[in-house]
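One structure is given below, encoded as structure tokens.
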There are 2 protein chains.
Amino acid sequence: MNGQDLGLAAVARLAGVSTATVSNVLNRPHLVAPATQERVLAAIDELDFVPNRAAAALRKGTNRMLGLVIPDIVNPFYAAIVDAVVEAADRERYAVALCVSHEDPAREQRHFDMLAEQRAAGALVVPITADWSRLSQLRMVGAHLIAVDRRVDEAEACSVAIDDVHGGDIAVTHLLAIAGEGVVIVNGSRTIVQCEDRRAGARLALSRAGIEPDSLVELEVAEMTVEAGIAAGRRIAETGAPRRIFCTNDQLAIGVMRGLADSGLIVPDDAAVVGYGDLAFGNDEARRLTTVGQPKHEMGEVAVAKLLAELREGAAHQHSATTFQPHLVIRESTSR
Amino acid sequence: MNGQDLGLAAVARLAGVSTATVSNVLNRPHLVAPATQERVLAAIDELDFVPNRAAAALRKGTNRMLGLVIPDIVNPFYAAIVDAVVEAADRERYAVALCVSHEDPAREQRHFDMLAEQRAAGALVVPITADWSRLSQLRMVGAHLIAVDRRVDEAEACSVAIDDVHGGDIAVTHLLAIAGEGVVIVNGSRTIVQCEDRRAGARLALSRAGIEPDSLVELEVAEMTVEAGIAAGRRIAETGAPRRIFCTNDQLAIGVMRGLADSGLIVPDDAAVVGYGDLAFGNDEARRLTTVGQPKHEMGEVAVAKLLAELREGAAHQHSATTFQPHLVIRESTSR
DNA sequence: CTGTTAGCGCGTTCAA
DNA sequence: TTGAACGCGCTAACAG
């Protein structure tokens with residue numbers, strides 16, 4: 001056990017072969033005679049040889065590493081994506097450089113620069129703005145990019161995203177099957193794409209059911225938090241708004257149920273509530289909430305798969321955009 | 001804007017200087033005359049030159065990258081640590097290679113191998129076993145290791161950890177100041193170090209108050225979940241156990257409050273409950289829960305600081321173990 | 001202050 | 001099937 005690091009050469013010397021042969025047993029074992037292989041492996045073991053990826057990266061111009069750029073790691077939605085990506089990458093022996101942009105474009109830019117300098121083979125990115133051109137520097141050095149949780153023109157790049165319109169659709173379609181009149185949506189700002197899409201889906205569901213979409217009662221909240229949900233729930237109870245309620249995330253839904261309870265309205269008896277996200281919070285209210293589940297893990301896995309495919313295919317590669325369909329997770333909050 | 005990558009040499013040629021000078025303006029600008037610097041920077045800009053870290057890493061034998069090995073990323077406790085680490089590393093222009101061991105030693109080993117091959121400058125690791133010797137391979141290639149959330153002998157390595165004994169102590173000391181008789185602890189398996197430590201702290205608090213530690217009523221649960229907490233809460237209500245309750249994590253505490261409520265016992269009027277962790281769940285029950293807060297962010301930051309210090313100091317470095325003191329976050333669940 | 005030079009460890013020709 | 005030799009892009013001496 002020595003701490004020195006003489007590289008292939010030392011191994012080659014000990015095994016009585018050339019460095020090329022050592023390199024071959026490591027990377028293209030089929031080209032080396034079994035006997036030689038064994039000798040080399042023994043030498044590697046003997047010397048505790050650890051291949052130097054930096055040298056390989058320099059030589060090959062690309063590194064067995066990929067970047068993952070997300071806006072926030074504490075958010076369980078992104079955490080789930082990170083989990084999936086890291087696992088898929090690990091399976092293929094890729095390192096994952098995690099970058100958290102915190103919604104700061106300058107920081108995001110620095111991350112791209114860094115990944116470019118590392119000669120990362122590619123990057124999975126949840127961009128904080130729609131300005132895809134900022135990603136050009138990564139492109140330049142041959143890195144490949146996949147947009148995650150964002151749909152991007154197939155001329156630009158591969159992307160994976162979740163169909164939020166469909167999510168809103170199935171949520172409200174489900175509500176419409178429950179006895180009652182009218183539907184209310186508790187939504188965040190419509191400037192957020194996801195919020196707008198979920199709303200569009202809700203209206204679509206109404207239309208399909210032969211109901212005027214404008215009859216949808218809309219409650220917009222500034223922050224999509226439990227607190228805002230509570231306030232919304234109270235307002236719904238007080239104003240006699242519809243008792244079939246679609247909340248565009250789970251926190252809002254949990255809050256709404258509380259707000260309703262404050263006014264003596266019990267879910268699901270007096271009202272039906274659907275949330276969105278199906279995030280694993282530590283409480284069991286979430287376990288009672290009917291919600292729209294997103295295939296986060298699958299999205300992460302496919303993102304990695306797309307990236308690796310793009311690397312493999314080279315110039316022949318055709319970008320593709322995959323959209324995942326969310327699914328309804330039916331639980332107590334709508335069981336009447 | 002070309003996609004080619006001719007390196008320092010191209011920049012040097014365009015700026016009419018040598019490669020060494022270009023390298024200097026990048027890494028030691030103070031050694032270069034301002035005028036020259038400007039010319040070089042202009043050339044860099046002109047060619048969209050992106051330095052190649054792999055080459056630098058090869059040359060220097062170490063990479064501006066550090067590994068972060070954790071058991072689980074979906075767990076908000078680790079997510080918070082990742083957040084802190086990534087931010088601190090980013091500030092120093094270090095890339096962070098995230099590895100998730102999923103409690104699998106073989107996988108953890110692969111991660112270490114990979115980090116060694118990448119010639120990561122160091123790694124922060126939450127080891128899944130106490131077998132510190134397995135980390136020797138990383139050591140060998142000059143990587144430096146910091147143990148996170150684990151206390152390690154200072155002869156071995158630097159470490160950062162949280163004093164769970166103290167956490168149990170302050171939790172129960174707080175409970176003892178509330179009117180009532182006896183204390184019950186709802187705890188996970190004592191084979192888990194954290195659980196055992198929190199219990200020890202609880203007993204310590206009793207002793208200090210002149211109470212026989214064995215009077216502590218102990219409820220052990222198999223899984224530290226909300227469900228288990230509910231069951232425990234019911235049991236407490238039924239058996240007339242003490243109404244001053246210390247739960248060794250927040251999920252248990254939330255469950256206990258529910259279980260008590262099922263039997264008509266209202267917190268804080270009929271019982272006082274303290275949790276542990278102060279994790280940001282999406283519900284506001286957590287916002288009402290008195291709990292033991294852990295300085296997760298600080299721990300992550302200090303871990304990075306220790307690593308960078310170790311890198312800077314070289315052979316002169318003395319390992320150190322820092323223990324963070326948790327603090328009580330007093331909220332409604334104990335306000336009587 | 002700047003240029004010259006010599007590798008860092010590896011992968012990949014091309015010959016043998 | 002194996003070996004010799006070159007160079008990937010950069011940094012660190014050292015010289016000027």
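All figures in this text were calculated on a predicted structure; none of them were measured in a lab. These numbers come from the heavy atoms of this one structure, side chains and all, not from hydrogens, waters or symmetry mates. In what follows, every chain begins at residue 1, and chains take the letters A, B, ... in the order their sequences are listed.
- Counting to the nearest Å, the P atom of D:dC8 and the CG atom of A:Asn63 are 18 Å from each other.
- Checking B:Glu298, B:Glu301, B:Lys306, B:Arg150 one by one against B:Val160, the side chain to side chain contact (heavy atoms under 4.5 Å, CB included) holds for a single residue, B:Lys306.
- Proximity of B:Thr19 to the phosphate of C:dG3: no side-chain N or O atom is located under 4.0 Å from OP1 or OP2.
- For the pair A:His30 and B:Leu58, both in contact range of DNA chain D, the more 5′-proximal nearest nucleotide belongs to A:His30.
- With 3.5 Å as the limit, one finds a donor-acceptor pair spanning the side chains of A:Glu310 and A:His144.
- Counting any heavy atom pair closer than 4.0 Å across all strands shown, A:Leu8 reaches sugar-phosphate atoms only and no base atom.
- When the P atom of C:dG9 is taken as reference, atom CD of B:Glu117 falls 15 Å away, rounded to whole Å.
- Within the nucleic acid shown, A:Asn24 has no heavy atom closer than 4.0 Å to any nucleic acid atom.
- Distance A:Asn52 CG to C:dG7 P: 18 Å, rounded to the nearest Å.
- The line from OH of B:Tyr94 to CZ of B:Arg64 is 4.5 Å long, rounded to the nearest 0.5 Å.
- A straight line from CG of B:Asn27 to P of D:dG9 spans 17 Å, rounded to a whole angstrom.
- Between A:Arg28 and the phosphate of C:dT12, there is a side-chain N or O to OP1/OP2 separation shorter than 4.0 Å.
- Residue contacts shown for B:Val32 are limited to sugar-phosphate atoms, with no base heavy atom under 4.0 Å away.
- Between B:Arg59 atom CZ and C:dC10 atom C1' there is a gap of 16 Å when expressed in whole angstrom units.
- Between the NZ atom of A:Lys60 and the C1' atom of D:dG9 there is a distance of 17 Å, rounded to whole Å.
- Residue A:Ala56 is classed as a sugar-phosphate contact, given heavy-atom separations below 4.0 Å to backbone atoms only.
- Among the protein residues, A:Ala20 comes within range of the nucleic acid bases, having at least one heavy atom under 4.0 Å from a base atom.
- To the nearest angstrom, P of C:dG9 lies 16 Å from CD1 of A:Ile44.
- At D:dC10, none of the side-chain N or O atoms of B:Ser23 fall inside 4.0 Å of OP1 or OP2 (strictly under the cut-off).
- Dashed line: the shortest gap from a side-chain N or O of A:Thr21 to OP1 or OP2 of D:dG3 is under 4.0 Å.
- Note: CD (B:Gln118) to C1' (C:dC8) measures 17 Å, nearest angstrom.
- Of the candidates B:Ile73, B:Asp149, B:Val148, B:Tyr78 forms a side chain to side chain contact (heavy atoms under 4.5 Å, CB included) with just one, namely B:Asp149.
- A salt bridge links B:Asp90 to A:Arg110: one of the charged nitrogens lies within less than 4.0 Å of a carboxylate oxygen.
- Nearest nucleotide to the side chain of B:Phe49, out of D:dC10, D:dA4, C:dC10: D:dC10.
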